[in-house]
Each structure stands twice: as structure tokens, then as C-alpha cells.
Amino acid sequence: IREIREQERNGAGGNGGAVRPVEITNRSIRLLCRLFLTDPAVKQKLGATPLPEFLSDVPESELLAMIWKGQYDPANPASVHAFIAVLPGAEQKAIDQIMKEVIPGASADWANHCLLNLERQGLQNRIAMIKARLGDEGLPVDEVNRMTRELLELQGRRREIASGNEANPG
């Protein structure tokens with residue numbers, strides 16, 4: 001019992017101090033993380049752009065944001081390992097799992113497809129959140145008007161994506 005209490009005080013929590021990986025079930029996020037870390041063309045093209053705002057509306061995107069903003073060279077494994085080494089343990093474990101996955105046919109072309117999928121998810125989540133907020137009683141009229149305008153813009157962007165007009169994402 002004394003040993004268990006000592007582990008709890010030291011933050012080991014009874015699991016022997018093992019770090020549990022961040023769980024990322026979103027396949028598009030997993031694939032983008034892997035492409036960023038292994039494909040110089042993806043890192044060069046997308047890493048030079050700001051992190052898309054829609055990612056803030058997509059659950060599980062925190063690790064992708066870290067990788068997107070990270071300073072490393074995917075063409076240099078030592079650089080990638082050094083970058084991963086400074087991440088928290090849970091994120092390191094998640095990356096380790098992602099890198100062990102076999103993803104047949106994964107290529108830089110998939111990066112844009114994954115981003116589009118994530119934008120769709122972000123739009124859906126944001127639309128649902130705004131609709132829920134619009135149902136709240138007592139919202140000021142100016143707030144209702146602002147949210148209604150945003151809702152219409154988001155629905156318009158969703159229609160553009162659905163029709164195949166994917167220009168200007170994010």
C-alpha cells in the first residue's frame with residue numbers, strides 16, 4: 001500500500017509510470033501526421049502555410065498542429081527524431097504508433113484530400129455548435145445576427161466543397 005501511495009504522489013498513478021499515448025482515431029489526422037514527418041514535399045508545401053483555422057473545430061487535431069508548426073526536416077531522420085524527442089511522452093507514443101502503421105499507397109497527393117476531409121469535419125462541427133447556440137434563449141439580437149451570418153457562410157463553404165469547388169480552403 002505504501003508503494004502505491006508513493007506512486008500516486010509521484011504521478012505514476014498505479015500504472016507503473018507508463019505513459020499512455022494520445023489516442024487519435026481520425027484517419028485523416030493520422031495520415032497527415034505521418035506525411036508531415038516523412039514526406040519533405042508535404043512539409044515544405046503545407047508547413048509554409050499557416051495552420052488552418054478549421055482545425056480548431058476538429059477533435060484530436062492538437063498533435064497535428066504540433067507537427068505542422070514543428071521545426072524539423074522530414075528528409076533527415078535525425079532531425080525528425082530530435083523534434084519528436086522534445087514532445088511530451090504521450091505525443092511521442094502516439095507518433096510511434098502512427099509511424100508503425102502500414103498505409104499502402106500513402107503519398108503527398110493524399111495530404112490535400114485529408115485536409116479537405118478535415119475541413120468538412122470542422123465545418124460540420126462548427127455548424128452544429130452554432131445551431132445549438134442559436135437555440136439558447138436570451139441571446140442578444142446582434143449575437144444572433146452575427147451567428148446567423150457565420151452559419152450562412154459556413155453552409156456556403158460546405159456547398160462549395162460538396163460541388164468540387166475546393167479553391168481557397170480554410
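The main-chain N or O of Asp57 is found under 3.5 Å from a side-chain atom of Asn125 such that the two form a donor-acceptor pair. A donor-acceptor distance shorter than 3.5 angstrom exists from the side chain of Arg30 to the backbone of Ile24, with no hydrogens or angles considered. A side-chain donor-acceptor contact under 3.5 Å links Ser61 to the backbone of Leu55.
Arg27 CZ: 12 or fewer foreign heavy atoms inside a 6.0 Å radius. The number of heavy atoms from other shown groups lying within 6.0 Å of CD (Gln124) is above 12.
Glu153 CD to Arg157 CZ: the interatomic distance, rounded to the nearest 0.5 Å, is 12.5 Å. Atoms CZ and CZ, from Arg120 and Phe54 in turn, are 10.5 Å apart once rounded to the nearest 0.5 Å. Taking CG of Leu134 as the start and CE of Met147 as the end, the distance is 3.5 Å to the nearest 0.5 Å. Ile67 CD1 to Phe83 CZ: the interatomic distance, rounded to the nearest 0.5 Å, is 6.0 Å. Distance CD/Glu60 to OG1/Thr25: 3.5 Å, rounded to 0.5 Å. The CD atom of Gln121 sits 7.0 Å away from atom CD1 of Ile29, with the distance rounded to the nearest 0.5 Å.
Side-chain atoms of Leu64 and Val58, non-hydrogen and from C-beta on, never get closer than 4.5 Å to each other. Residues Leu116 and Asn112 fail the side-chain proximity criterion, which asks for heavy atoms closer than 4.5 Å.
Clustering ILVMFWY residues whenever any of their side-chain heavy atoms sit less than 4.5 angstrom apart, transitively, puts Ile84 in a cluster other than the one holding Val86.
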Which pairs would a plain distance check flag for residues 32-42, meaning a side-chain donor or acceptor within less than 3.5 Å of a matching protein atom at least two apart in sequence or in another chain?
| unit_1 | atom_1 | unit_2 | atom_2 | d |
| --- | --- | --- | --- | --- |
| Arg34 | NH1 | Ile98 | O | 3.1 |
| Arg34 | NH1 | Met99 | O | 3.2 |
| Arg34 | NH1 | Glu101 | O | 2.5 |
| Thr38 | OG1 | Arg34 | O | 2.7 |
| Asp39 | OD1 | Ala41 | N | 2.9 |
| Asp39 | OD1 | Val42 | N | 3.4 |

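Summarising the geometry of Thr49 relative to Trp68, their closest heavy-atom pair is O-NE1, 3.0 Å, with the distance given to 0.1 Å. When all heavy atoms of Pro74 and Lys43 are compared, the pair lying nearest together is CG-CB, 3.4 Å.
Look at Arg146 and Asp142 and you find no salt bridge, because none of the NZ, NE, NH1 or NH2 atoms lies under 4.0 Å from a carboxylate O. Ionic pairing of Lys93 and Asp96 is not present here: no N-O contact between side-chain nitrogen and carboxylate oxygen is shorter than 4.0 angstrom.
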